[in-house]
J.: 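The structure under discussion is supplied below as structure tokens; questions concerning it will follow.
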Amino acid sequence: MIRIALGVSLALGIAGPAPAQTLTLMKGIDAPHYDAQRTTWGPTSDIVNMFQDTLVALDWDGKTAIPYLAKSWTISEDGRTYTFKLRDDVSFCSGKKFTADDVVYSFKRLKDPAIKAPFAWRAGNIKELRATDSHTVEYELEEPFSELLLQLTMFTNVIHNKESVEALGKDYGIKGADGTGPWCFDHWQPRTEIVLTRHDAYKWGPSMYQNKGPVKFEKLVVKIIPEDSSRVAAMMSGQFDITHQFPAQFITQAKAAPMLTVTEARPNFQLLYYGFKTTRPMVADARVREAMSIAINRAEIAKAILLGNADPAFTIVDPEALDFDPKTKGIVKEDIERAKALLDEAGWKPGSGGVREKDGIKLAPKIYFTANANSARVADAIQGYLRKIGVDWRLQPWDSTISSVKMAEQDYEIWSVTVPYLSAGDLMNIYFDSANIPTPNRMNWKDAETDAWLKQGRSALTEADRAKYYALVQQKVTREHLWMPVLNINMDQVANKKITGARPHMIYQNTFYKGLDVTR
């Protein structure tokens, strides 16, 4: 298979080994653009984080915000005003000096309704931004936001150059974009490649890196190779230096390959789950939702389908994540006999063809998911488990280019995605706040208690209070079985053994975050 795939990859125009001063990276999916403020798309974020910077960076522990463009900050007693002291030695790739005005402009653009920024909430509810001098910003919120610093590490909050945005207009993030990152945007050929060049003036890397800059390569070439087998062949033959989208089914071979190094990003918060649209009669009863969740064997799925490259997930939030509530452990207990009893209690009785029925309706929910290899195999496996308790999942896969659009149509009982997140609060606020109905709160979960706890967690002035309220949310949504957590997906980086210093980072499925320590 690999020999055949190598021929395919060469036909796609993948050349032989790159020049020594060029670092080559492979991705399976491209993005519609590279304007960070206008998307939630992971394939945008990993490239943006290379050529643009945030005020603070996320340390390797996945929990701690550390200085970056902001060298220090203070927070007012009421939690509403953050005063950021900025570095005075930073410049954009264009040569323009970075100042407080760039910070003010970037966040005002993010909050501009014309941008329609889906992740604008990550910057908090901003009341006013003030540049009190050339390198000081007062960031005033309407109400406290307990995770502001953590959220400011996200790609959606990178700093933009107004001159670049205005000069490129609708082509910003397509034909170019200026940034203060260690790499500079050179050009993008959609569905083919993104080319970045070294930012020679860069010397302000965050403390998590030994090398503060510049990067050790003149150029970074990112190729888009959608076919799994082609990416495997290209890495095995030494055509590429690094990839974070190596197919899970071949990770075992990669670990055994003498020319490759496989490194897992730890911690890594990436949950494959199935969500229930509670307003659809078939899954409106929590007993039905619980029955489906406890009738599957997660360990078998992780071993047989992900080949051990995932851990069974019995909680919505990963135990290593910030503000995880240990009381949610043990609520989901796999038990096929209990699952059958719950369905009996809910009035779904065995019917023709082994499928349960109620009031003349078969228990055959429609399931939407993105048609990638892992999701399809997991869905097939769950479908098999649930047939044993009389539930007939009707699977409807969609291509990644249209899956989000189809899910927005709401015509299904259950959907599945794999979601990256930063913390318990991050995940709870995105998905379970009624303000986010119909998406991403596709459950149509509207609960006053949940909303109140989320608000109290967001506005908490102490870590203890924040954890307390987010714990209450976790307990409630877990007991209601709004989601079926299935797997915590590993995120592996595969690199040529000639490459060193390529420690993978967990932030939003990036792994290759800045690349400052990478060398050959």
J.: Please indicate whether Q210 has more than 12 foreign heavy atoms, meaning atoms of other residues, nucleotides or ligands, lying under 6.0 Å from its CD.
T.: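 At most 12 heavy atoms, drawn from other residues, nucleotides or ligands, come within 6.0 Å of this atom.
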J.: Using side chain to side chain donor-acceptor pair (under 3.5 Å) as the criterion, list what pairs up with N157, not counting sequence neighbours.
T.: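 Counting only residues at least two positions away or on another chain, N157 forms no side chain to side chain donor-acceptor pair (under 3.5 Å).
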J.: Y385: what forms a ring pair (Phe, Tyr, Trp, His ring centres under 6.0 Å) with it, not counting sequence neighbours?
T.: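 By the ring pair (Phe, Tyr, Trp, His ring centres under 6.0 Å) rule, Y385 matches no residue at all.
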J.: Ring centres of W60 and Y513 under 6.0 Å apart?
T.: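 Not close enough - the centres of the two rings lie 6.0 Å or further apart.
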J.: Is D392 salt-bridged to K362, going by a charged N under 4.0 Å from an acidic O?
T.: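 Not counted as a salt bridge, because no side-chain N and carboxylate O are separated by less than 4.0 Å.
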J.: Heavy atoms, side chains only, cut-off 4.5 Å: are T263 and T511 in contact?
T.: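 The answer is no; the side chains never approach within 4.5 Å.
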J.: CG/L25 to CD1/I225 distance, rounded to the nearest 0.5 angstrom?
T.: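 Answer rounded to 0.5 Å: 11.0 Å.
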J.: Between D186 and R198, does any NZ, NE, NH1 or NH2 come within less than 4.0 Å of an OD or OE carboxylate oxygen?
T.: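 The answer is no: the pair does not qualify as a salt bridge.
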J.: Taking only residues two or more places apart in sequence, or in another chain, which ones meet Q396 in a side chain to side chain donor-acceptor pair (under 3.5 Å)?
T.: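 Side chain to side chain donor-acceptor pair (under 3.5 Å) list for Q396, sorted by chain: empty.
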J.: Could you name each residue pair satisfying disulfide (SG to SG under 2.5 Å) that touches residues 487-520, not counting sequence neighbours?
T.: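 Not a single pair qualifies under disulfide (SG to SG under 2.5 Å).
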J.: Quick one: do the T278 and N444 side chains pair a donor with an acceptor below 3.5 Å?
T.: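 Result is no, nothing qualifies.
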J.: Residues in side chain to side chain donor-acceptor pair (under 3.5 Å) with E320, at least two apart?
T.: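 For E320, the residues satisfying side chain to side chain donor-acceptor pair (under 3.5 Å) (neighbours in sequence not counted) are R266.
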J.: Using ring pair (Phe, Tyr, Trp, His ring centres under 6.0 Å) as the criterion, list what pairs up with Y202, not counting sequence neighbours.
T.: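 So Y202 forms a ring pair (Phe, Tyr, Trp, His ring centres under 6.0 Å) with W204.
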J.: Among residues at least two apart in sequence or on other chains, which ones pass side chain to side chain donor-acceptor pair (under 3.5 Å) with K27?
T.: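 For K27 the side chain to side chain donor-acceptor pair (under 3.5 Å) partners, ignoring immediate neighbours, are D46.
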J.: When you check the gap from the basic side-chain N to the acidic O, do D426 and R122 get nearer than 4.0 Å?
T.: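 Answer for the salt bridge query: yes.
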J.: Would you confirm whether S375, through its side chain, and A371, through its main-chain N or O, come within 3.5 Å as a donor-acceptor pair?
T.: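 No, the answer is negative, given that no donor and acceptor are paired below the 3.5 Å cut-off.
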J.: Mind checking what makes ring pair (Phe, Tyr, Trp, His ring centres under 6.0 Å) contact with Y68, not counting sequence neighbours?
T.: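 Once residues adjacent in sequence are excluded, Y68 has no partner under the ring pair (Phe, Tyr, Trp, His ring centres under 6.0 Å) criterion.
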J.: Do Y431 and V477 have side chains that approach each other closer than 4.5 Å (heavy atoms only, starting at C-beta)?
T.: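 Side-chain contact under 4.5 Å: no.
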J.: Please enumerate all residues that pass ring pair (Phe, Tyr, Trp, His ring centres under 6.0 Å) together with F324, with sequence neighbours excluded.
T.: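 So F324 forms no ring pair (Phe, Tyr, Trp, His ring centres under 6.0 Å) with any residue.
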J.: Can you name the side-chain contact (heavy atoms from CB on, under 4.5 Å) partners of S416, sequence neighbours left out?
T.: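 Only L272, Y274, F369 meet the side-chain contact (heavy atoms from CB on, under 4.5 Å) criterion with S416.
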J.: So with a 6.0 Å cut-off around NZ of K111, is the heavy-atom count from everything else above 12?
T.: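 Yes, enclosed.
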J.: Pick one: which of Q37, H33, R38, H160 meets side chain to side chain donor-acceptor pair (under 3.5 Å) with Y172?
T.: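 When side chain to side chain donor-acceptor pair (under 3.5 Å) is applied between Y172 and each of Q37, H33, R38, H160, only H160 qualifies.
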J.: Before accepting this row, confirm whether a basic side-chain N of the pair D35/R109 lies closer than 4.0 Å to the acidic partner's carboxylate O.
T.: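 R109 and D35: salt-bridged.
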J.: Are Q474 and T315 close enough that some pair of their side-chain heavy atoms sits under 4.5 Å apart?
T.: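 Not touching, per the 4.5 Å side-chain cut-off.
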J.: Are Y508 and W41 close enough that their ring centres sit under 6.0 Å apart?
T.: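 When the ring centroids of Y508 and W41 are compared, they turn out to be at least 6.0 Å apart.
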J.: For residues 205-251, which residue pairs pass the disulfide (SG to SG under 2.5 Å) check, not counting sequence neighbours?
T.: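 Those involving residues 205-251 do not exist here.
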J.: Hey, are the side chains of K514 and D53 touching, using non-hydrogen atoms and a 4.5 Å cut-off?
T.: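 Yes, side chains in contact.
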J.: Verify whether one side chain among E193 and H187 offers a donor that lies under 3.5 Å from an acceptor in the other.
T.: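 Yes, a side-chain donor-acceptor pair sits under 3.5 Å.
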J.: Scan side-chain atoms only and decide if R520 and T22 contain a donor-acceptor pair under the 3.5 Å cut-off.
T.: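 There is no such pair between these side chains.
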J.: Using a strict cut-off of less than 4.0 Å between a Lys/Arg side-chain nitrogen and an Asp/Glu carboxylate oxygen, indicate whether R503 and D517 qualify as a salt bridge.
T.: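 Answer for the salt bridge query: no.
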J.: Using side-chain contact (heavy atoms from CB on, under 4.5 Å) as the criterion, point out the one residue from E413, R387, Q383 that pairs with W393.
T.: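 Among E413, R387, Q383, the one that satisfies the side-chain contact (heavy atoms from CB on, under 4.5 Å) with W393 is Q383.
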J.: Tell me, which pairs form a disulfide (SG to SG under 2.5 Å) where one or both residues lie in residues 171-253, sequence neighbours left out?
T.: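 Pairs touching residues 171-253 that pass the test: C93-C184.
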